[in-house]
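Right, one structure below, let's go through it.
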Amino acid sequence: MLENQKRKIILDCDPGHDDAIAILLAAGNPSIELVGITTVAGNAEVEKTTLNALKVCEIAGLHDIPVLKGCGQPIVRKRETAPDIHGDSGMDGPVLPEPSKTIEEEHAVDFIIRKLLESDGEITLVPTGPLTNIAMAIRREPAILPKIQEIVIMGGGTFGNWTPTAEFNIYVDAEAAEVVFDSGVPITMMGLDLTHQALATEEVSERIAAIDNPAAKFVSDLLVFFRKTYLEVFGFEHPPVHDVCCVAYCIDPSVVEAKKVRVDVETKGELTYGTTLVDVHGVTGREPNVNFAMKLDHTKFWNMVAEALKSYSKVYSDR
Ligand code: BDR
Ligand code: CA
């Protein structure tokens, strides 16, 4: 990549409290070009996650970033959503006005294919929800494969949060995840091992609350709700903002320490459907297919988020 050139990403998401913060980090950091926001069914139905993406754009003044609706169902299994964690809307907590912005007519899968085929291989895909859209794009147009710079995934881990061994994004559409992990494209994986280190501590929440603009206020409100559900459902003192780790890595890969490992996705197990088998110790002897993030630089991470949120003050002062 040339120096000073922005890293182009397509954020494929299911907002989602942490997805929403991921959007704000991507759009608020000068080294990222957010080519588009594509949505998928995950935390809530795709109509809801799409409306939430539009609301995030509205509150942050992101009028020029296209939002495209994607798949409403996993490829094989029945849809599952996460209202206990994200509320019925998928992004409960903050009260936001109806957006004036609308979605593009193109389907998210078509947009991903078109943008990649038009590119010179400089676009990174950042899926922070179930992998349905990405797998559908790969299956529909395999010619995109050599065009993808990298796929930076939030999903999986060496333990689960939806079943004892499966993480939500992978569990919801494990067949899609299998397609992606077996694609041969360079993959960086932000699994639960990493994302559970991205905790919004009270100190972090206070720091964000001190930033005086509507985007930061929105994030504060998101964190209040997320803190409550993470305590109720998982007994966590502080909520982990999983999806934000993917964008932080795209901005500065040194925010994590990672290791090349083999990862396979279980799609047949009666009790283990959606589990990622992360071969941390190399016992399979198989060629690594994933750059597996293991340790987060918490200070660097939250500095990035705070700087991005401060950047929205300018959006409002320019209005
Ligand atoms: C993942 O599931 C969703 O609840 C979050 O948005 C995140 O992408 C964590 O398991
Ligand atoms: Ca998500």
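Every number for a ligand or one of its atoms is a count from 1 in the order of the listing. The structure presented is a predicted model; accordingly, all values stated were derived computationally and were not measured.
Using a cut-off of 4.0 Å between Lys/Arg side-chain N and Asp/Glu carboxylate O, Arg286 and Asp279 are scored as not salt-bridged. Ionic pairing of Lys48 and Asp88 is present here: one or more N-O contacts between side-chain nitrogen and carboxylate oxygen are shorter than 4.0 angstrom. A salt bridge links Glu307 with Lys310: at least one charged nitrogen is closer than 4.0 Å to a carboxylate oxygen. The pair Lys101-Glu58 does not meet the salt-bridge criterion, since no charged nitrogen lies less than 4.0 angstrom from a carboxylate oxygen. Under a 4.0 Å N-O distance rule, the pair Lys295/Asp193 does not qualify as a salt bridge.
The Ca ion (ligand 2) forms the vertex of an angle spanning OD2 of Asp19 and OD2 of Asp243; to the nearest 10 degrees it equals 70°.
For ligand 1, the atoms closer than 4.0 angstrom to any heavy atom of Met154 are 1 (C), 7 (C), 8 (O), 9 (C). Listed by number with element, the atoms of ligand 1 under 4.0 angstrom from any heavy atom of His242 are 9 (C). Listed by atom number, the atoms of ligand 1 under 4.0 Å from Glu167 heavy atoms are 1 (C), 2 (O), 9 (C), 10 (O). For ligand 1, the atoms sitting less than 4.0 Å from at least one non-hydrogen atom of Asn161 are 9 (C), 10 (O), numbered in the order shown with element in parentheses. Close approach of ligand 1 to Asp18 is summarised as follows: ligand atoms under 4.0 Å from at least one heavy atom of the residue are 5 (C), 6 (O), 7 (C), 8 (O). Less than 4.0 angstrom separates some heavy atom of Asn169 from each of these atoms of ligand 1: 1 (C), 2 (O), 7 (C), 8 (O).
Ligand 1 lies within reach of Asp19, whose nearest heavy atom is under 4.0 Å from it. Residue His86 places a heavy atom less than 4.0 Å from ligand 1.
Nearest non-hydrogen protein atom to atom 8 (O) of ligand 1 is Asp243 OD1, 2.6 Å.
Counting heavy atoms only, Phe168 comes closest to atom 2 (O) of ligand 1 of the residues Tyr171, Phe168, Trp162, Phe226.
For Asn43 (side chain) and Asp14 (main-chain N/O), a donor-acceptor pair under 3.5 Å exists by modelled atom type. Remark: the backbone N or O of Val280 is paired with a side-chain donor or acceptor of Lys259 at under 3.5 angstrom.
Between Thr128 and ligand 1, at least one pair of N/O atoms sits closer than 3.5 Å.
Residue-level proximity to ligand 1 for Asn43 is carried by the side chain, the only part with a heavy atom below 4.0 angstrom.
Of all N/O/S atoms in Asp14, OD1 sits nearest the Ca ion (ligand 2).
Shortest non-hydrogen contact noted between Met91 and Ser89 is N-OG, 3.0 Å.
The Ca ion (ligand 2) has an N, O or S atom of Thr128 inside 3.0 Å of it.
In this structure, Arg77 satisfies the cation-pi test against Tyr273, with its NZ or CZ atom closer than 6.0 Å to the six-membered ring centre and inside 45 degrees of the ring normal.
Considering only heavy atoms from C-beta on, Cys250 comes within 4.5 Å of Ile32 through its side chain.
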